[in-house]
Number of protein chains: 2
Amino acid sequence: MDNLSKNQQIIFDLIDKSPEPLKAYTILFNVQKKGIKAPLQVYRALDKLVEIGKIHKIESRNAFIACHNSRCQVAKATAFSICEICEKVTEISSAGLSKYLANFKDKDGMKYSKYNLEFFGLCKKCR
Amino acid sequence: MDNLSKNQQIIFDLIDKSPEPLKAYTILFNVQKKGIKAPLQVYRALDKLVEIGKIHKIESRNAFIACHNSRCQVAKATAFSICEICEKVTEISSAGLSKYLANFKDKDGMKYSKYNLEFFGLCKKCR
DNA sequence: TTACACAATGTTATATTATAACAATAACTA
DNA sequence: TAGTTATTGTTATAATATAACATTGTGTAA
């Protein structure tokens, strides 16, 4: 189950090599030469890759980034920093943050093992 | 600057009265009788309302909810819990959480005053 | 007041993001 | 090797969001 299908592999490779998050239709454009011709083929692969934790969706940008953090693969507990100028996105891998959020209880005492956190600010270069 | 324009007020009222987050085209449908006929009129009002902190966008759902938390109005630092079954969304107002996230530093020592956090789980009723 | 600046509106068209529905094929498993 | 499930291919369409341009309203300062 760790083996990706053909389309999944093609699309994962593209995202994994990209220095920036990729949008679905950018991906589509880039894999058309490899025979993936329809949006749905892209979205299906993306869905699966998200499901198994190989990539994450940056919700505020409708874009996808490869996971480089073993911590989030199972938990689907993700955190990113996003530069509001250059749009650089970095996955945050902080044991302290993960721990804090995983243990956070709401007013009803409810805990949440799944979450998505997006920080916004300026990256080193843009500051 | 605290006074909303006509369209902004109409759309804010609708969102504010709604027990659940509303999507842009649901809003459009509901305000057509009040003379707001085009998507752009809705999106412009939504943009403004988000900008001034009267509403928030639930990014993972492409939906909008009224703010009931004075804390986030300035900071644009928001947190929500989302039920994965009934889609109920609740804004989280926790001084501890706000403080922790506002003071969180990434690997480069960078702090972020803007963030959006979405917790996923099951609400009381759906558990 | 009046002119200026700026915010908000109205309108048409279109771009972008995502899914429905159905048929066929490949891969895994009992 | 039949049955099951995942994956693929394809066409069409739904859902979300913005571009471009013309017009109207609103606040403010001379």
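All values below were derived from every heavy atom in this structure, side-chain atoms included, with hydrogens, water molecules and symmetry-related copies excluded. Residue numbering restarts at 1 for every chain, and letters A, B, ... go by the order of the sequence lines. These numbers come from a predicted model, not from an experiment.
Put simply, A:S5 has a side-chain N or O that comes within less than 4.0 Å of OP1 or OP2 on D:dT8. Between B:K57 and the phosphate of D:dA17, there is a side-chain N or O to OP1/OP2 separation shorter than 4.0 Å. Residue B:N62 places at least one side-chain N or O under 4.0 Å from the OP1 or OP2 atom of D:dA17. For the pair A:Q41 and D:dG9, the criterion of a side-chain N or O lying under 4.0 Å from OP1 or OP2 is met. A:N3 has no side-chain polar atom (N or O) that falls below the 4.0 Å cut-off from OP1 or OP2 of C:dA27. In this structure, A:Q8 reaches the D:dT7 phosphate: one of its side-chain N or O atoms is under 4.0 Å from OP1 or OP2. Residue B:K23 places none of its side-chain N or O atoms closer than 4.0 Å to OP1 or OP2 of D:dA15. The phosphate of C:dA8 has neither OP1 nor OP2 within less than 4.0 Å of any side-chain N or O from B:K6.
In this structure, the side chain of A:Q41 engages the main chain of A:A38 through a donor-acceptor pair within 3.5 Å. For the pair B:E118 (side chain) and B:S60 (backbone), a donor-acceptor distance under 3.5 Å is present. Under the 3.5 Å distance criterion, the side-chain polar atoms of A:K76 are matched with a main-chain donor or acceptor of A:E51. Looking only at distances, a side-chain donor or acceptor of A:N103 sits under 3.5 Å from a matching main-chain atom of A:K99.
In this structure, the nucleotide among D:dT11, C:dT11, D:dT18 sitting nearest to the side chain of B:Y43 is D:dT18. For B:L40, the listed nucleotide lying nearest its side chain is D:dA19; candidates were D:dT11, D:dA19, D:dT8. Closest approach to the A:K48 side chain among D:dA19, D:dT7, D:dT10 is made by D:dT7 (side chain taken as heavy atoms from C-beta onward). The side chain of B:P39 approaches D:dT18 more closely than any other nucleotide in the set D:dT18, D:dT16, D:dT8. Comparing C:dG10, C:dT11, D:dT11 by their closest approach to the side chain of B:K37 singles out C:dT11. In the set D:dC21, D:dA19, D:dA17, the nucleotide with an atom closest to the side chain of B:A24 is D:dA17.
Per the geometry, CG belonging to B:L49 stands 13 Å off C1' belonging to C:dA8, to the nearest Å. A:I11 has its CD1 atom 10 Å from the P atom of D:dG9, to the nearest Å. Atoms CG (A:L28) and C1' (C:dT19) sit 15 Å apart, rounded to a whole Å. Distance A:R44 CZ to D:dA6 P: 14 Å, rounded to the nearest Å. Residue A:F29 contributes atom CZ, which lies 15 Å from atom P of C:dT17 at whole-angstrom precision. Atom pair A:L46:CG and D:dT8:C1' shows a separation of 15 Å (rounding to whole Å applied). Distance A:E51 CD to D:dT5 C1': 13 Å, rounded to the nearest Å. Remark: P of C:dT17 and CD1 of A:I27 are 11 Å apart, rounded to the nearest angstrom.
Side chains of B:Y112 and B:L101 form no contact here, defined as non-hydrogen atoms less than 4.5 Å apart.
In this model, no side-chain donor or acceptor of A:Y25 finds a partner on the base of C:dA15 within 3.5 Å.
Between B:F119 and A:Y115, the angle of the ring planes goes over 60°, which puts this pair in the perpendicular group of the 30/60° scheme.
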